[in-house]
Participant: 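This structure is in structure tokens; I'll ask about it shortly.
Heavy-atom basis, side chains included; hydrogens, waters and symmetry copies ignored.
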Amino acid sequence: MGVPLAPSRETRAVGRYWLSLLPLLLLVRPAGALLEGLYCGTHDCYEVLGVSRTAGKAEIARAYRQLARRYHPDRYRPGDEEPGRTPQSAEEAFLLVATAYETLKDEDTRRDYDYLLDHPEEYYRHYYHYYSRRLAPRVDVRLVILVSVCAISVFQFFSWWNSYNKTISYLATVPKYRIQATEIAKQQGLLKKAKEKGRNRKSKEEIRDEEENIIKNIIKSKIDIKGGYQKPHIRDLLLFQIILAPFHLGSYIVWYCWWIYNFNIKGKEYGEEERLYLIRKSMKMSKSQFDSLEDQQKETFLKRELWIKENYEVYKQEQEEELKKKLANDPRWKRYRRWMKNEGPGRLTFVDD
């Protein structure tokens with residue numbers, strides 16, 4: 001029988017390293033009631049840090065700092081006194097300690113973990129609370145909504161101003177409005193100021209640009225643009241609409257009760273505003289769309305008493321018939337119908353060779 005060989009120096013070093021980890025491994029013995037993948041897995045987070053369930057935040061933090069200094073992977077250096085200590089083993093021990101501390105330092109997470117220890121059979125509830133906290137957004141949702149609404153409102157404001165300025169520039173090219181604005185500018189002496197001589201003499205381009213701005217300003221002040229190209233107002237922005245939503249809701253409830261009381265209960269006759277409202281409702285038009293109509297057209301609606309449902313149905317039928325006649329006489333519509341009949345989609349041609 002041969003003599004047993006003495007362990008080498010490296011083997012003894014590996015043994016000493018794992019003996020140093022023995023207290024931690026004994027403390028984190030697997031707990032059969034715990035769930036794999038939740039918190040510290042099958043190990044007890046309190047036992048990982050070596051604290052009791054009644055330990056306070058200061059004691060938990062102190063235990064974590066001690067274990068973190070002991071098992072931190074950065075403490076590994078090639079050629080140190082314990083060559084059996086590898087970065088992988090040190091990282092595993094450190095991650096277990098860090099997970100235990102992250103679980104116990106937060107009051108809500110610690111409350112859920114204590115409930116898991118006391119009621120291990122409710123595993124569906126434990127999975128829900130664990131992942132709902134892990135997947136919850138880091139930023140306050142209210143702050144995200146506020147920033148998004150403000151950004152949309154800013155975009156709305158500049159977009160509306162851009163559309164409004166383009167509309168004014170277009171109207172300044174229409175002879176009807178340009179001539180009227182030029183006459184008003186001459187009467188007010190605005191064009192003479194633009195052509196001052198002497199020291200304040202300006203170049204032809206500067207005079208032309210200034211006259212153009214004068215005409216546009218007069219058009220802005222004299223013309224009433226309604227609908228989608230009207231002058232933007234701050235109260236129409238999304239942010240202010242949300243802020244004023246409770247006020248608008250309360251006003252609508254009061255108005256609706258007033259309408260029911262006056263016209264449904266007392267049987268009063270409709271006024272002009274109420275009649276126009278019923279007509280707009282029948283036409284399914286928004287307030288801005290209806291306001292953009294000419295006053296003469298609204299007067300026609302009132303004369304024909306379109307707030308009465310039967311009269312509106314007759315008017316609607318007349319408009320449909322008139323539209324059909326216009327389309328029938330439109331050469332472009334004729335070409336389109338001819339194309340749809342001869343070469344349009346859905347036409348099959350069978351070629352018999």
Participant: Might you confirm whether atom CD of Glu205 has over 12 heavy atoms from other residues, nucleotides or ligands at distances under 6.0 Å?
Facilitator: no

Participant: Working to the nearest 0.5 Å, report the span between NZ of Lys220 and CG of Asn165.
Facilitator: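 Answer rounded to 0.5 Å: 5.0 Å.
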
Participant: Return each pair, listed once, that meets ring-ring contact (aromatic ring centres under 6.0 Å, His included) where at least one residue sits in residues 171-190; pairs must be two or more places apart or across chains.
Facilitator: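 Pairs touching residues 171-190 that pass the test: none.
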
Participant: Decide, yes or no, whether a salt bridge links Lys326 with Glu322 under the criterion of side-chain N to carboxylate O below 4.0 Å.
Facilitator: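 Here Lys326 pairs with Glu322 in a salt bridge, since their nearest N and O are under 4.0 Å apart.
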
Participant: Report the C-alpha distance between Tyr46 and Arg110 in whole Å, list the side-chain angles of each, state the deciding distance to 0.1 Å, and finish with yes or no for side-chain hydrogen bond (donor to acceptor under 3.5 Å, both in side chains).
Facilitator: CA-CA 10 Å; Tyr46 290 102; Arg110 183 178 181 180; 3.0 Å; yes

Participant: Could you check whether the rings of Tyr115 and His119 sit parallel, tilted or perpendicular, using 30° and 60° as the cut-offs?
Facilitator: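 Rings of Tyr115 and His119: parallel, under 30°.
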
Participant: Rounded at 0.5 Å granularity, tell me how far CD1 in Ile279 sits from CZ in Phe290.
Facilitator: 5.5 Å

Participant: Which atoms form the tightest heavy-atom contact between Ile60 and Val51, and what is the distance?
Facilitator: CG1-CG2, 4.3 Å

Participant: What closest approach, in Å, do Thr103 and Thr99 show between heavy atoms, and which atom pair accounts for it?
Facilitator: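 Closest heavy-atom pair between Thr103 and Thr99: OG1-O, 2.8 Å.
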
Participant: Main chain of Tyr270, side chain of Arg275: is a donor-acceptor contact present, judged purely on distance under 3.5 Å?
Facilitator: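 Checking the backbone N and O of Tyr270 against the side chain of Arg275, a donor-acceptor pair under 3.5 Å is found.
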
Participant: Are the side chain of Arg178 and the backbone N or O of Ala172 linked by a donor-acceptor pair below 3.5 Å?
Facilitator: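 Indeed, once roles are kept as given, a pair shorter than 3.5 Å links the two residues.
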
Participant: Step through the shown structure and confirm whether more than 12 heavy atoms of other residues, nucleotides or ligands are within 6.0 Å of CD on Glu272.
Facilitator: no

Participant: Without swapping roles, check the side chain of Asn311 against the backbone of Glu305 for a donor-acceptor pair under 3.5 Å.
Facilitator: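 Such a contact is found between Asn311 side chain and Glu305 backbone.
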
Participant: Here's a test for you: under ring-ring contact (aromatic ring centres under 6.0 Å, His included), which of Phe301, Tyr256, Phe263, Trp259 qualifies with Tyr277?
Facilitator: Trp259

Participant: Determine whether the side chains of Tyr113 and Arg53 contain a donor N or O and an acceptor N or O closer than 3.5 Å.
Facilitator: no

Participant: Passes salt bridge (Lys or Arg N to Asp or Glu O under 4.0 Å), Arg111 versus Asp108? Steps please.
Facilitator: CA-CA 5 Å; Arg111 190 183 305 112; Asp108 295 332; 2.9 Å; yes

Participant: Search all heavy atoms of Ser153 against all heavy atoms of Leu239 and return the closest pair with its distance.
Facilitator: OG-N, 3.0 Å

Participant: Are there over 12 heavy-atom neighbours, none belonging to Glu107, within less than 6.0 Å of that residue's CD?
Facilitator: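 Atom CD in Glu107 is not packed in, count stays at 12 or less.
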
Participant: With a 6.0 Å cut-off on the ring centroids, do Tyr164 and Trp161 count as close?
Facilitator: yes

Participant: Do Lys186 and Thr182 come close enough that some side-chain heavy atom pair is under 4.5 Å?
Facilitator: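 A side-chain contact exists here, since the closest heavy-atom pair is under 4.5 Å.
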
Participant: So do Met283 and Leu306 actually touch side chain to side chain, heavy atoms under 4.5 Å?
Facilitator: yes

Participant: Under the side-chain hydrogen bond (donor to acceptor under 3.5 Å, both in side chains) test, which residues partner Asn213, sequence neighbours left out?
Facilitator: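 Scan of Asn213 (side-chain hydrogen bond (donor to acceptor under 3.5 Å, both in side chains), adjacent residues dropped) gives none.
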
Participant: Supply the atom-to-atom distance Lys216 NZ to Ile218 CD1, rounded to the nearest 0.5 angstrom.
Facilitator: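 Rounded to the nearest 0.5 Å, the NZ-CD1 separation comes out at 13.0 Å.
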
Participant: Nearest 0.5 Å, what's the CD1-CD1 distance between Ile219 and Ile184?
Facilitator: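 If we round to the nearest 0.5 Å, Ile219:CD1 and Ile184:CD1 are 9.5 Å apart.
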
Participant: Start with the C-alpha distance between Tyr128 and Asp112, add both sets of side-chain angles, then the distance that settles side-chain hydrogen bond (donor to acceptor under 3.5 Å, both in side chains), and finish with yes or no.
Facilitator: CA-CA 10 Å; Tyr128 169 75; Asp112 292 340; over 6 Å; no

Participant: Please answer whether the main-chain N or O of Gly271 pairs with a side-chain N or O of Glu274 as donor and acceptor at a distance below 3.5 Å.
Facilitator: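 Flag set: sc Glu274 to bb Gly271 pair under 3.5 Å.
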
Participant: Once rounded to the nearest 0.5 Å, what's the spacing between atom CD1 of Ile152 and atom CD of Gln156?
Facilitator: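 If I round to the nearest 0.5 Å, the distance is 7.5 Å.
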
